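Computed from a prediction, not measured in an experiment: that's the story for all the values here. Remember, it's 1-based here, ligands and their atoms both numbered in the order they're listed. Values reported hereafter were calculated over all heavy atoms of this structure, with side chains retained and with hydrogens, waters and symmetry mates removed.
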Amino acid sequence: MYDLASVRAQLPTLRSFTYLNTGTLGIMAEPVLARYREAVERAQRFGHLVLEEFQEASERVRVEFAELLGVRSEELAFTGNTTDGIALVLASFPFAAGDRILTSDQEHPAVLLPLTLACRRRGVVLEQFRVSTEKEETREAFAAALVRTRPRLVVVSHVSCETGVRLPIEDMTRLAHAEGARVLLDTAQSIGQFPVNLATLGVDFAAGNGHKWLHGPQGTGFLYVRQDNLDLLEPPLVGDGSVVTPFDRHSFQFDGTNWSFRGDARRFEYGTRDVARVIGLGAAIEYLGSLGWEAIARHQLRLVAWLRERLQHHPAICWYSATRAEDGSGLVTLGVTGWDGERLSRVLWEAYRIVQRRVQVPNGVRVSCAYFTSEDDLDRLVAALEELAGYHQLS
Ligand SMILES: Cc1ncc(COP(=O)(O)O)c(C=O)c1O
């Protein structure tokens, strides 16, 4: 059951600062931290003795995570972060030179850098469409770009890290499939913010992390590959765990020809893994699940609506995010007239102890309304912004 006061009691550092930057890193609730810490201690103290137990626990987390995402556990690989998943798909996809990839004008370097590597190494061509704060405009721009560019692959974020705008992915996937393109979704800013069902969205591939809106351990993430796309992606790396080995692994006799990648997404996992982190991620998913995913989403959107209400008529404060709640998320970008985002971000931290993040385009700061954010937190933000806006007018 969701109760804000009890939720905040499990996050003691909130007494020292106003934390509005889950969009960069979530903070871990004490019950999750306790289970994660216990897993780290057991793994490091008992080593091989607990290996089997940990592997079984990790497989249970895979099943729970898959359930959360509305997919099959065989379709999920654990990774270290979102970038891993995006880079793996781009390195494995069977591009031909000259193929086009369509992406948006609001992507994170986690998308842009693997894309530019694909351009350099595989000879693919990058095309962009414009994301708007209104989903109808985004859909139209995307549809036009699809017809104009005829891409093989679309790579796009579910929620923009620049403006917090939520893209109409289900419609976009339908349009992309109709044009013969596959879709790779970056869920770094959506998973944990609101319920995300990858099967309903219809995407071919997705990547995400555990350390933002799931508030799990840093160094956790996933790659989703829809079952019917598995054989399309030949992993760029291979190792023990990622293949079906038809030989006796104890004798290490292997002629190098008679093997194949696993028939599930674990073809992207090999070698010894930090299973304690996966267990920490499982604890985070269970904890948030016990509060209620819908309740968390409602809380975050209510706070954003409240913040918008407070700021929308202020002449010196610009709201760069969606105006309708359903087009946005708990992530909001704001600017103050006369204040460069870099300076504004620094002063909000140094003078007001508000943790947020600077954005370059649009020029402002990004604030995250998370499941633990309170109206008091936002009151402090509004008071600070109003003071800084006034200060500029006086100076
Ligand atoms: C939209 C988006 N994609 C990807 C990333 C990078 O995620 P990770 O650090 O999990 O690779 C971020 C991080 O801020 C992001 O906002």
Trainee: Apply side-chain contact (heavy atoms from CB on, under 4.5 Å) to residues Phe205 and Arg182 and explain how you reach the verdict.
Mentor: CA-CA 8 Å; Phe205 318 104; Arg182 285 187 164 81; 4.1 Å; yes

Trainee: Looking at Glu137 and Thr133, would you say the former's side chain and the latter's main chain have a donor-acceptor pair under 3.5 Å?
Mentor: no

Trainee: For ligand 1, output the ligand-protein N/O contacts shorter than 3.5 angstrom; if there are none, return none.
Mentor:
from: ligand 1; atom 1: 3 (N); to: Asp186; atom 2: OD1; distance (Å): 3.3
from: ligand 1; atom 1: 3 (N); to: Asp186; atom 2: OD2; distance (Å): 2.5
from: ligand 1; atom 1: 7 (O); to: Thr82; atom 2: OG1; distance (Å): 3.4
from: ligand 1; atom 1: 10 (O); to: Thr82; atom 2: N; distance (Å): 2.8
from: ligand 1; atom 1: 10 (O); to: Thr82; atom 2: OG1; distance (Å): 2.8
from: ligand 1; atom 1: 10 (O); to: Asn209; atom 2: ND2; distance (Å): 2.8
from: ligand 1; atom 1: 11 (O); to: Thr82; atom 2: N; distance (Å): 3.3
from: ligand 1; atom 1: 11 (O); to: Thr83; atom 2: N; distance (Å): 2.8
from: ligand 1; atom 1: 11 (O); to: Thr83; atom 2: OG1; distance (Å): 2.4
from: ligand 1; atom 1: 14 (O); to: His108; atom 2: NE2; distance (Å): 3.3
from: ligand 1; atom 1: 14 (O); to: Lys212; atom 2: NZ; distance (Å): 2.6
from: ligand 1; atom 1: 16 (O); to: Gln189; atom 2: NE2; distance (Å): 2.8

Trainee: Sub-3.5 Å donor-acceptor pair from the side chain of Thr18 to the main-chain atoms of Asp377, do we have one?
Mentor: no

Trainee: Please report the interatomic distance OG1(Thr149) to CG(Leu102), rounded to the nearest 0.5 Å.
Mentor: 4.5 Å

Trainee: Mark yes or no for whether Arg353, through its side chain, and Ser16, through its backbone, hold a donor-acceptor pair below 3.5 Å.
Mentor: no

Trainee: Looking at Asp340 and Arg343, is any side-chain nitrogen of the basic one under 4.0 Å from a carboxylate oxygen of the acidic one?
Mentor: no

